[in-house]
Amino acid sequence: MAYAYLFKYIIIGDTGVGKSCLLLQFTDKRFQPVHDLTIGVEFGARMITIEGKQIKLQIWDTAGQESFRSITRSYYRGAAGALLVYDITRRDTFNHLTTWLEDARQHSNSNMVIMLIGNKSDLESRREVKKEEGEAFAQEHGLIFMETSAKTASNVEEAFINTAKEIYQKIQEGVFDINNEANGIKIGPQHAATNATLAGNQGGQQAGGGCC
Amino acid sequence: MAAYLQWRRFAFFDREAVKERAGPEGGGGKSLLLPPGIAVCDSGRGSLVFGDMEGQIWFLPRSLELSSFQAYKLRVTHLYQLKQHSILASVGEDEEGINPLVKVWNLEKHDGGNPLCTRIFPAIPGNKPTVVSCLTVHENLNFMAIGFADGSVVLTKGDITRDRHSKTQTLHEGSYPITGLAFRQSGKMTHLFVATTESIQCYTLSVKDYPQHELDTRGCGLRCSTLSDPSQDLQFIVAGDECVYLYQPDERGPCFAFEGQKLIAHWYRGYLVIVSRDRKTSPKSDFAGGDPQNSDKQILNVYDLSNKFIAYSSVFDDVVDVLAEWGCLYVLTRDGKLHALQEKDTQTKLEMLFKKNLFEMAINLARSHHLDSDGLSEIFRQYGDHLYNKGNHDGAIQQYIRTIGKLEPSYVIRKFLDAQRIHNLTAYLQMLHLQSLANADHTTLLLNCYTKLKDIAKLEEFIKTSESEVHFDVEIAIKVLRQAGCYSHAVYLAEKHAHHEWYLKIQLEDIKNYQEALHYIGRLPFEQAESNMKRYGKILMHHAPHETTDLLKILCTDYRPAGDGESLLGPEGRKANPEEFIPIFANNSRELRAFLEHMSEVQPDSPQGVYDTLLELRLQNWAHEQDPKVKERLHNEAISLLKSGRFRSAFDKALVLCQMHSFKDGVLYLYEQGKLFQQIMHYHMQNEQYRKVVEVCELYGDQEPSLWEQALGYFAHKEEDCKEYITAVLKHIEAKNLMPPLLAVQTLAHNSTATLSVIKDYLVCKLQKQSRQIDQDEEKIQKYREETKRIRKEIEELKTSPKIFQKTKCSICTSALELPSVHFLCSHSFHQHCFESYSESGSECPTCMPENRKVMDMIRAQEQKRDLHDQFQHQMKCSNDSFSVVADYFGRGVFNKLTLITDLPPGQSVAGLEAGLQRDLLIHSKRST
């Protein structure tokens, strides 16, 4: 499928906050109440359109378990966006956000767009973390914030798409070096030639390498 | 904790040791033992291929009959059996020292019992000999890659079975030993994955200069890499100690944290087979993962990566390799035994999952096994039943929804026909409708659900969303909605789907919004508007008389559906028959009148019924009106209507109407129109309007004289004093001579008031007239008598005295008479030749003959008539003076015995006498006429 850009995302957060469900809802539009533990790193992709441009989102869904931390860390690199997820019905997942954020900032490139997501917003009755707290945390750390529900699909699209918009805007502002794949952004096959000439002559050999 | 971090484990494979084939003596049942010293193996083309430390290559076909040949003098170190060609590539040693030789065998051709070796070449990267670590051949036979322990890879391009066409080059040089090689063909792209102990590289062979791409900076052990099948995107699978990584040609893919030191990775039909060292006994790992000296317990796991479970897990002693052939997985252990792992069939697997209530997994599994939709829906049903029994109705219904189209909906509906689960039921029914599988009952049920849930929004959505297609039977939906009292929705539906009858029914009977209904009818096409108006007109008239009338007016004159601007330019609007709408106006004569008046004004050719009814109405109004002024106006209106000439054909009806309402002028007018003068007179007589009676007589007496007679009779019977009229009548009778005076007198005799003076003038006049007549008659009689006398005398003369013929001229040619001549007693003389040429018969005078003939004919006619009694009677009846008729008949000689003697044939003896008599008669009759 032809695309203008490919953005790599990573979804991080404590185990059981609903990372895999968010991904499943976004890519397959379905919800699986019983979900096995993610072991390792899984993968999903979907096309979206931003400002008339086809953009492929390649999403890495990581295991939240502490024991997999070393494996998942290696996936931070090369991600343009991160969805940092906590569970609004479990305060400890919110408390661990700082650790996750430090981890992400440490292992990723500095321009990575991070979105904070309070998941399971459908379980209002069991809420432990107020929306305002999430907002405050996001403000403090310069993140975008949103509450979602993978079960009802509320805000799921928006979460992924808003992140993509942010990244796209950063590209337009020239913050990202789009020819460096380590940034988690790839130019689509048909756009490679035109963009390469615009961005400079260093893109030539890169295009050859990533031709598939 | 570690156990928890694993996928679910199942036993989807049956493990079994491969036994020897039962011999003819039945001595089978022993485990098949492979010769010792097997170092390498591969499979393909229907056999397992083994290479041993003695340089032999063994084949084990399905029949389990081992065969071998000496391929190398010393040992076989690597084998690669192509899957699509009967070509086997091997690496081995013929002499001591490091000098590996590659041999390519064509298994279909034989060279003295052994397979034909088509090519031999030494495997040396550059000029320094080193140990071969791995070998792979592309299935298209164009590429062969050999990896060496010193970190270099040699690629042979071109037909690998021949020396001539192939080119060998060193593709890769590095410092770490090569541990895995795999060709990946995807479309036109060919890639070579190269795994070393410390890195993963990918070469693109279909691009010039073979560009290289480093995928990862960690590697794997020998034999711990494999290529997946298309179900996993042909990814290169690298089993590291911590994780199993998957690689695309250009980047790293997902990873799976399967623990343990991996020894072998093998891809088998969608499964990843991994042999790892048992963790508890595992010493530190090193490059030589498959060290033959190590005889530890090893764990074999079969992973299903797409469905995320472990399909099989078992412990083996010292696995040499894993092979796949004949639809089975074979595990070769160091002791020479072969274990077969037979996959269970899908149904068995699913049942195992059902037992554990792992329905979600069963569904995924069924999908990846391409189970048909029947099978899937059966799983959904079981899952639904399971959830239902657990009380998770929301979940259950989700599963049941997925069975739609396969499972009988009543099965599900029955389960949820409970008030508390009505929203589940609703969800199910909604889906049913969305997939257009709902029948009428389902629609009914769904709508009932909505109404019970009071979910008006949903209801509306259900009704209104189906823009393009309707998922339900509209009529039933309307019925249900109507029953449930959701009239507005029912009306909406009816309107949208053009169920006009329903729309009006509900609008009128339930909502009672008459105005709206009227507007609606006004928008309908003509036929529907007409029929609906007939049906509902009465109700509408009752509640919205004025508007209804307006609509009817339009409908009956020039109807075009309202809001249809275009048709104004189009052809004439259509007209309904106004007569048919008249019953609608029952009890509302005011509107009816307005309607009818409009009709008669706008449309002069309206049916008769319109005028009849209009007349009736006007008469009614007239009859009931008290105010004389208004009455006068109404009177005029009615008359003008009568005079409009609309009642020519329906005269009787109009007459009856006028009479019923005693509408005098109308009745009279109608009588006049119908020439019923008698009735007019009777009418006046009844009303005792003498003047009028006389007037009528004067007006119509010419056309019907008996009027006078009747008038006279009428007046005669009157006890009042009406001499004046009697006189007038008598005068007229006299003038026209309509009645014999005796009759007139007789008529008047009944009247006690009519004195002689009344008829004196009449009688006098009459008598005078008659006496005058008598005088005249007598005069005539005298005259006739004299004439008769004269004729008698003449006859006498003819009989007795001679006749002197003195004529000097011929009566025909008027020239002087000369002999021979003919003389007649009528004193006509002729030349004989004139007479002969002129006369028709010799005995008659040609001059007198035409006159005589005429008279003869008349006599004859009278004779004939005399016997026609019927005619006589008729004449008697018809004539107003029968006496004269009788006299006339006397005159014709009814009672005469005399018979007319016609011409006798000539030559008769009495001819002369007869002729004389005849002439006498003739003369007489001639005179008398």
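A, B, ... follow the sequence lines: proteins, then strands. Residue 1 opens every chain.
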Contacting moiety of [X], where chain A heavy atoms sit under 4.5 Å:
{"X": "B:C255", "result": "both"}
{"X": "B:R252", "result": "both"}
{"X": "B:Q248", "result": "neither"}
{"X": "B:F309", "result": "neither"}

So how far is it from A:T38 OG1 to B:K308 NZ, rounded to the nearest 0.5 Å?
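Separation between the atoms: 7.5 Å.
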Please classify the contact between A:S70 and chain B as side chain, backbone, both or neither, with a heavy-atom cut-off of under 4.5 Å.
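Looking at A:S70, just its side chain touches chain B.
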Quick check: are there more than 12 heavy atoms from other residues, nucleotides or ligands sitting under 6.0 Å from [atom1] of [X]?
{"X": "A:R69", "atom1": "CZ", "answer": "yes"}
{"X": "B:Y176", "atom1": "OH", "answer": "no"}
{"X": "A:R91", "atom1": "CZ", "answer": "yes"}

Give me the atom names and distance for the closest heavy-atom approach of A:F43 to B:P254.
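Where A:F43 meets B:P254 most closely, the heavy atoms are CB-CG, 3.7 Å.
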To check you understand the geometry: which heavy-atom pair defines the closest contact between A:F68 and B:A257, and what is its length?
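Where A:F68 meets B:A257 most closely, the heavy atoms are CE2-CB, 3.0 Å.
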Would A:I71 and B:F256 satisfy side chain to side chain contact (heavy atoms under 4.5 Å, CB included), going step by step from the backbone distance to the final call?
CA-CA 9 Å; A:I71 300 168; B:F256 300 97; over 6 Å; no
